[in-house]
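Side-chain atoms are counted along with the backbone in the values below, which use heavy atoms only and exclude waters and symmetry mates. Letters go in sequence order (proteins before strands), and every chain restarts at 1.
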Amino acid sequence: MKVYLAIARVTARSVLAYRGAYALGIAGSCFQLLATTALWTALLAGGASIGGFDLPEMKAYLLVGFATGLIGTLVGDWVLANRIRDGQVALDLVKPIDTQKVFFAQNCGGLGLEIVFIAVVSGVFVLLAGPMPGPADGWLFAASLAFVLPIRFGITFLTTMLVFWTENHHGVVWARDGVAAVLSGAIVPLAMMPGWLQSAAAVLPFAGLTSTPALIYLGKAPNPGLLIAIQAGWAVALWYLARFAFRGASRQITIHGG
Amino acid sequence: MKHLLRRRFTTMTAVDAIDLSIEPGEALAYVGPNGAGKSTTIKLLTGIVEPTGGEVRVGGIVPHRDRQANARQIGVLFGQRTQLWWDLPVRESLALLRDMYDISPTDYQRQLDRFDEVLDLGALLPVVTRKLSLGQRMRADLACALLHQPKIVYLDEPTIGLDIAVKDRVRDFLRQLRAEGTTIMLTTHDLADIEGTCERIVIIDDGKIIYDGGLAEVKDRYARERRVHLQLGTPITAADLAARFPAAAVTPGEAHGEFTISFDKSLLTAGAVLTGVAQLAEVVEVRIDEPAIEDVVRRVYAGELNITPGPADAAGAHPPSASPTSAHPAGTHAASARAAYAAGAADARAAGVPGAEDVTGAAGDVDPAEEASR
């Protein structure tokens, strides 16, 4: 345990060394947040509501979406993917450590800076974008927020395993991020999607990334306990699925050049 | 406990079986041309890859099954890669390894002091990895590989890309490790790394061990040629010298009065050559080439030298000195070898090696129990 904490700590320091570069990336996401806010402001002008969301609620939804979209991404899949692609993962395998836990620790190492960015952007957004509701239940929201990191890690780790076969990360990332953006409710709330897609999204892990925390924040979840339980179930299931996949995938380590 | 340490592994690469055992405290040079299967062997021994057949055992542990337990007893250096954290000072990387291997503060400090002494590590501790030169990086990486005082060390090209001074330093360090009784498996293309460190050499080519024996013996058997370079003060022709030494080849050098006499050491001695030349001409300068292992290996790679195992090697490709291993029941080896062929064929197909199908036939010989256990 001590060593994984140390890895998280060391990662946090590495991340800080590149805070400028990360801040630039965040600026890009902020722009996206502003654009979608402008769009919804136009759509929901004059007290209209779509899919049960009025403008202040929609703004809060978008902000929660921005925050959850950032969690667990600063030190994300590219760290692992690059290590697999260039074979550096071999060095992790000759250490008495669990590779999956190492990457989770690294993932957590980025959390500090992520929280700083979220706090700054949220503060500015609330000031600029005007009134929006606070969390309906702070504790439930916090609980559901806590599962975002492990779920994202599980999905990321699992899909990154494909790099062992594809030897290329970009296609894998694009496919995954495209699917996740839609099914997590990060683009539009799931409530606005066709019924069959809603039902599918409800049982898939992606909803736990954005939709669940956002709905709990707004108090729009009919059964928040169940949603959090689904999140927890996925967090655990993905951990073991990824573990199983890694065992198979690491056999794929090719022996280039003898 | 240490005496119980015995390693016996049967590993397979693209097309054939490797049957190799290393005794505790032994220093083994593992050489072969690019793509021969050296790194594959190390990956099998470290548990990074799982053998598709046969058996691998390190200190009683099956590496790919107990990867972490195995990792505690080994130290690994891949010369072409670094295990240091790119954005952090060397000190931080070492501290992380300390936590990884649960090294006590006293042991940790003692190791740092020692690395400072032999590798001049102290100066590197505060430097961020990405700012290290290649030589500095290799010194720091050596420290990383050996920090937890592993009893078995795999070094994959530890001197690659280094300048002479750093190479010497690394080699000195290897000799010191060797003297302390660390088991060393050294893979290198720079054969000067071997001399003075390893007493046993295994040459592999095409996934097959083509020589396994003492370094001195390999030189003795295959590096028989001696060369005496002479600078003579008296005018004399190559033909005169050749007539004097019918068993030797005489070639004139570039400058006037320079000659090189090459001969088989079993037919002639350097002393006899010198005495003979002195009777014909005044000898101004003499240089005698030591037989270098490099010459032998170069000729093996080039396919000029067909090394055929002697009677000792034929007993199972073991060095004559490793008597405890020879005590192994012969049947175990045979079974592993069969399994290895089958796996070899599978691997070869994956790697796209032509001719792999030729070996698949051997798969039928695999012990069903062993097949099932995979």
Side-chain angles (χ1 to χ4, degrees), chain A residues 1-22 74-75 78-79 82-103 105-106 109-110 113 164-165 167 243 246-258, chain B residues 13-14 32-50 52 63-64 66-78 80-89 92-93 95-102 128 141 144-145 148 154 204-207 347 350-351:
Chain A
M1 193 58 203
K2 191 179 159 200
V3 64
Y4 302 109
L5 284 175
I7 289 170
R9 207 166 46 232
V10 158
T11 309
R13 292 187 48 184
S14 289
V15 165
L16 275 182
Y18 291 105
R19 57 188 177 276
Y22 285 121
L74 285 194
V75 188
W78 51 269
V79 176
N82 284 343
R83 285 182 87 79
I84 294 172
R85 205 176 49 82
D86 67 18
Q88 197 78 12
V89 71
L91 284 174
D92 302 327
L93 291 173
V94 300
K95 299 271 161 49
I97 41 172
D98 184 296
T99 310
Q100 189 180 8
K101 288 180 188 163
V102 168
F103 283 109
Q106 289 186 282
L113 193 60
F164 275 107
W165 284 275
E167 294 178 21
R243 208 167 186 72
F246 184 72
R247 208 163 293 160
S250 53
R251 280 181 204 167
Q252 275 297 311
I253 292 180
T254 34
I255 306 178
H256 296 304
Chain B
T13 53
N34 288 325
K38 301 187 296 291
S39 299
T40 308
T41 312
I42 297 211
K43 282 176 184 147
L44 283 163
L45 289 173
T46 48
I48 295 174
V49 294
E50 192 175 327
T52 40
H64 62 272
D66 275 317
R67 188 179 60 75
Q68 293 196 37
N70 182 50
R72 287 197 175 272
Q73 59 174 356
I74 62 170
V76 187
L77 173 86
F78 291 112
Q80 316 222 43
R81 300 188 185 284
T82 181
Q83 50 180 308
L84 296 153
W85 283 62
W86 196 240
D87 305 309
L88 294 178
E92 299 280 332
S93 291
L96 204 58
L97 289 167
R98 178 196 58 201
D99 292 341
M100 230 174 249
Y101 292 100
D102 304 315
V128 175
D141 257 314
C144 287
H148 58 293
Y154 305 104
I204 77 161
D205 194 6
D206 229 358
D347 263 4

Smallest separation among heavy atoms of B:Leu96 and A:Ile7, with atom names:
CD1-N, 3.8 Å
For A:Ile97, is there any backbone N or O sitting under 3.5 Å from a side-chain donor or acceptor partner on B:Arg67?
yes
CZ of A:Arg247 to NE2 of B:His64, rounded to nearest 0.5 Å, is 12.0 Å
Approximate separation, where rounding is to 0.5 Å, of A:Leu91 CG and B:Ile48 CD1:
7.0 Å
Step by step, would you call A:Tyr18 with B:Asp87 a side-chain contact (heavy atoms from CB on, under 4.5 Å)?
CA-CA 9 Å; A:Tyr18 291 105; B:Asp87 305 309; 2.6 Å; yes
Applying a strict 4.5 Å limit to non-hydrogen atoms, the region of B:Leu97 in contact with chain A is side chain
Heavy-atom contact with chain B under 4.5 Å, split by part of A:Leu5
neither
Okay, side chain of A:Arg13, backbone of B:Leu88: is any donor-acceptor separation there less than 3.5 Å?
no
Best-contacting candidate, B:Asp102, B:Asn70, B:Thr82, against chain A by heavy atom pairs under 4.5 angstrom:
B:Thr82
Rounded to the nearest 0.5 Å, how far apart are CG of B:Asp99 and CZ of A:Arg9?
7.0 Å
Dump the intermediate steps for side-chain contact (heavy atoms from CB on, under 4.5 Å) on B:Trp85 and A:Thr11, then the final yes or no.
CA-CA 9 Å; B:Trp85 283 62; A:Thr11 309; 3.8 Å; yes
Using non-hydrogen atoms and a 4.5 Å limit, figure out which bit of A:Asp92 sits close to chain B: side chain, backbone, both or neither.
backbone
Taking all non-hydrogen atoms of both residues, which atom of A:Pro96 and which atom of B:Ala71 are closest, and how far apart?
N-CB, 3.4 Å
